[in-house]
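This report concerns only the one structure given below.
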2 protein chains.
Amino acid sequence: MKFSRKAEAALRRRGGRMTRARRALLELIEKSPRPLAPRQLHRELRRAGVRVDLVSVYRNVAALLELGLLHRVLGSTAVRPCAEGERPARCHHAVVCTACGSAREFHSLALERALGEVRRATRYRISGHLLELRGLCESCRS
Amino acid sequence: MKFSRKAEAALRRRGGRMTRARRALLELIEKSPRPLAPRQLHRELRRAGVRVDLVSVYRNVAALLELGLLHRVLGSTAVRPCAEGERPARCHHAVVCTACGSAREFHSLALERALGEVRRATRYRISGHLLELRGLCESCRS
DNA sequence: CTCTTGATGCAACTGCGTTGCATTTGCGGC
DNA sequence: GCCGCAAATGCAACGCAGTTGCATCAAGAG
Ligand SMILES: [Mn+2]
Ligand SMILES: [Mn+2]
Ligand SMILES: [Zn+2]
Ligand SMILES: [Zn+2]
């Protein structure tokens, strides 16, 4: 399902409304090939002629993060749409290109199992984790 | 080997010198049961009667991070001493207590293997990763 | 069309971390 | 111990990211 549709539905469910700026933001995030930070999103919107304040971008991004529709790239404020369906699963791991910044979620049963093993081995009561791989995407390798 | 010793050696190797403030900082990091951010380190030092400026703490922390003697907790600026020996290995994974903030590095062969598998499966040329587990430590469970 | 209230714009503000520069101080050499 | 150089520090100014309060605008339900 398209990100903007999913987001609009989720926002309306919350009693939210669709404004010109918000719609443009959702479409920008959807079309962007790589995670963008609020400031970058703002710049792109302005460049496209959308009159919107940076504060609004921050507020919208915060809302989408709360709804689980966006993820933040570790160590930055750039956000990317969650690749999951309606009901996001537990673990959302991503590979991020260190050159162009593009990101893709991935899943690995072996990794899930290994994490389960660690979970049992450590003396902490594990409640979650952060995991992100770094590397070069196909196009950036050439 | 004790963190402060290891750090002093590494700093001297770089042509660095030991000052009162720096020594106090190293010992504070060594003694602290949990990762502290530069501002917290500074506050603790002042509280202990060490006259040092916040800028110096920042600069020292930066140096220690560059030397690989400290790691940052993901999503924060708090730092913790690397648990490795003289030659830090590739992967330094940690579990962080969500209640008290205490952290411990751990190692898992199964995890290394699973990551290797993912590395091969993805179409990116993986160069590294970030991984951190979250949970409750033993004492915070009670 | 009207009304309610969510969304926005604007400006002030906070807090973090950095930078430039003058001053201090560690420490190697004597 | 004294000297001199470079490392380290302190201080103040600065830049930048993100937040907050509040007045205003406008989505969309009735
Ligand atoms: Mn996801
Ligand atoms: Mn380590
Ligand atoms: Zn790339
Ligand atoms: Zn704890």
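A note on names: the letters A, B, ... follow the listed sequences, proteins ahead of strands, and every chain is numbered from 1. Bear in mind the structure is a predicted one, so any value in this text is a computation, not a measurement.
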[X] [atom1] - [N] [atom2] separation (whole Å):
| X | N | atom1 | atom2 | value |
| --- | --- | --- | --- | --- |
| B:Gln40 | C:dC16 | CD | P | 10 Å |
| A:Tyr58 | C:dC10 | OH | P | 17 Å |
| A:Leu11 | C:dT8 | CG | C1' | 15 Å |
| A:Leu65 | D:dT19 | CG | C1' | 16 Å |
| B:Arg43 | C:dC16 | CZ | P | 12 Å |
| B:Asn60 | C:dT25 | CG | C1' | 14 Å |
| A:Leu54 | D:dC16 | CG | C1' | 11 Å |
| A:Asp53 | D:dG18 | CG | P | 14 Å |

Any idea how A:His92 and A:His71 line up, ring-wise: parallel (<30°), tilted (30 to 60°), or perpendicular (>60°)? perpendicular

Need to verify one output field. Residue with the more 5' nearest nucleotide on DNA chain C, B:Ala37 or A:Arg51?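 Going by which nucleotide is closer to the 5' end, it is A:Arg51.
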
Which letter, B, S or -, goes with each nucleotide of nucleotides 20-29 of chain D from 5' to 3', with contact meaning a protein heavy atom under 4.0 Å? BB----BBS-

Look at B:Arg125 together with A:Glu138 and state whether they make a salt bridge at an N to O cut-off of under 4.0 Å.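 No, B:Arg125 and A:Glu138 are not salt-bridged.
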
Is B:Arg14 paired with B:Glu66 through a side-chain N to carboxylate O contact shorter than 4.0 Å?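 A salt bridge links B:Glu66 with B:Arg14.
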
Any side-chain N or O of [X] under 4.0 Å from OP1/OP2 of [N]?
| X | N | answer |
| --- | --- | --- |
| B:Thr77 | C:dG17 | yes |
| B:Arg39 | C:dG15 | no |
| B:Ser56 | D:dA8 | no |

Under the salt bridge (Lys or Arg N to Asp or Glu O under 4.0 Å) criterion, do A:Glu44 and A:Arg47 qualify, and how do the steps go? CA-CA 5 Å; A:Glu44 289 301 317; A:Arg47 177 173 304 180; 3.7 Å; yes

Verdict with reasoning, B:Arg12 to B:Glu8, per salt bridge (Lys or Arg N to Asp or Glu O under 4.0 Å): CA-CA 6 Å; B:Arg12 283 203 196 278; B:Glu8 172 165 352; 2.9 Å; yes

Have A:Ser102 and B:Tyr124 got a donor and an acceptor in their side chains that come within less than 3.5 Å?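 Checked: A:Ser102/B:Tyr124 side chains pair up, N/O donor to acceptor below 3.5 Å.
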
Do you see a donor-acceptor pair shorter than 3.5 Å between the side chains of A:Glu30 and A:Ser4? yes

Please determine which of A:Glu132, A:His129, A:His107 meets the side chain to side chain donor-acceptor pair (under 3.5 Å) test together with A:His93.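 Per the side chain to side chain donor-acceptor pair (under 3.5 Å) rule, the option paired with A:His93 is A:His129, out of A:Glu132, A:His129, A:His107.
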
Five pairs per end, C1' atoms only: what is the angle between the end axes of the helix from C:dC1-D:dG30 to C:dC30-D:dG1, to 10 degrees?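 For the helix from C:dC1-D:dG30 to C:dC30-D:dG1, the axes at either end differ by 40°.
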
Separation of B:Leu25 CG from B:Arg59 CZ (nearest 0.5 Å): 13.5 Å

